[in-house]
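Structure record follows, encoded as structure tokens.
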Amino acid sequence: MRDPDLEAGPVADALLAWYDAHARDLPWRVSPAERALGVRPDPYRVWLSEVMLQQTTVAAVRAYFHRFTTLWPDVTALAAAEDGTVMGEWAGLGYYARARNLLKCARRVVSDLDGRFPDSPEALRLLPGIGPYTAAAIAAIAFDRPETVLDGNVERVMARLHDIHTPLPGAKPELTARAATHTPTTRPGDYAQAVMDLGATICTPKSPACGICPLRAPCRARAAGTAAELPKKTPKKPKPTRRGIVYLARRDDGAVLLERRPDKGLLGGMLGWPGSEWGETAQERPPFAAQWDTLAGEVRHTFTHFHLILTVKTAPLPDRMNPETGEIITAAGFRPSDLPTVMRKAYDLWRDGVA
DNA sequence: AAACCGTGGTC
DNA sequence: TGACCAAGGTT
């Protein structure tokens, strides 16, 4: 840490100057120009965007952020929403524990904190769904506190800036220390967003645009020619393939049989079609006795840690029945967009077969 | 600490 | 076309 080019000042200064000219225009963001005029971001919108952005691309988040802030403009409104409504609005975005924790967090902020988000990372960290990264990000971006954020972008930028070849996740402590060295005490919120913007637009995972990078002068990996191969990562385990069956029962009036999945585990809290367990081989488990037709084709879907091949079976839903599993949703109450993607794929396979 | 937890875009 | 990747958190 003796190299003057790598001390806090030069790197932060270069990044902030670049950010003033090239900051992305994002719906939850206060632009550097507005910030200079004293405009402060709404902590609710910062928190909501940060949770949505966990392991998720900006492109995917935009529409969801707009829907959520339109339906629920502040944390009090969100805290008062029904669980099923929020889960339905989150459908398709993935990592559904985020949505469950989002609601828990909103309700705790309203009931315990008078509707105001804390400004310290320590206090933020105590709330559901807020880990080390998100706590630092909210403190820095919403409250302009000099906290160091470490996300995938910052890891990549720091690994390259300092030419660190230690593989992730082991390199995290080292990268955190490096990142902290550069965090400025002035404009820390803009700085945090600047590093992440750099990682998202210039210092990208593949073929980084080193030629136009504001950090090209001090960057050690660029000098060494190793930028494109950093950061190193420990290889991932191969994904096994599992199989299962889902049962789509529909009445002539359009009502369907769905079930609310338990809060714990995969797709927890979401609606889904009744079906078998997912394992080596699919076991029949129809929700009621009937002549089940097997649809041509199958649903293929990949989750975080396994591939899934789903067989889709259909039958008419009897007019009067009290199913032991699931609940009958009327045509008016059924929105395919409430379904997680794998379940919507099964619905689409059936609908395409009918059309 | 390692496993679990979604999805869509990209090359 | 399949593996990698994205503003990670929880258990």
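Computed from a prediction, not measured in an experiment: that's the story for all the values here.
- For R24(A) and dA7(C), a side-chain-to-base donor-acceptor distance below 3.5 Å is present, hydrogens and geometry of angles not being considered.
- Across all strands, G268(A) comes closer than 4.0 Å to no nucleic acid atom at all (heavy-atom distances).
- Between the side chain of T304(A) and the base of dG6(B) there is at least one donor-acceptor pair of N/O atoms closer than 3.5 Å.
- The interatomic distance linking F303(A) (CZ) with dA3(C) (P) rounds to 17 Å, in whole Å.
- Look at Y96(A) and you'll find a side-chain N or O under 4.0 angstrom from OP1 or OP2 of dT7(B).
- Under 4.0 angstrom from either OP1 or OP2 of dT7(B) there lies no side-chain N or O belonging to R300(A).
- Here the nucleotide nearest the side chain of R125(A), chosen from dC5(B), dA7(C), dT10(C), is dT10(C).
- The base of dG6(B) sits with one of its N or O atoms less than 3.5 Å from a complementary donor or acceptor on the side chain of T56(A).
- The phosphate of dG8(C) has OP1 or OP2 within less than 4.0 Å of a side-chain N or O from Q55(A).
- As a whole-Å value, the separation of L53(A) CG from dG8(C) C1' is 11 Å.
- Following rounding to the nearest Å, K237(A) (NZ) and dG2(C) (P) show an atom-to-atom distance of 22 Å.
- Taking atom NZ on K206(A) and atom P on dT10(B), their separation rounds to 11 Å, with Å as the unit.
- Computed from coordinates, the H305(A) NE2 to dG2(C) P distance equals 20 Å when rounded to whole Å.
- Proximity of R156(A) to the phosphate of dA6(C): a side-chain N or O atom is located under 4.0 Å from OP1 or OP2.
- H165(A) NE2: more than 12 foreign heavy atoms inside a 6.0 Å radius.
- A distance-only check finds no donor-acceptor pair linking the side chain of R250(A) to the backbone of V256(A) [under 3.5 Å].
- Following rounding to the nearest Å, M52(A) (CE) and dG9(C) (P) show an atom-to-atom distance of 16 Å.
- If you take CG of L168(A) and P of dA6(C), they are 10 Å apart, rounded to a whole angstrom.
- Per the geometry, CG belonging to N153(A) stands 19 Å off P belonging to dC4(C), to the nearest Å.
- For dA7(C), neither phosphate oxygen OP1 nor OP2 lies less than 4.0 angstrom from any side-chain nitrogen or oxygen of R62(A).
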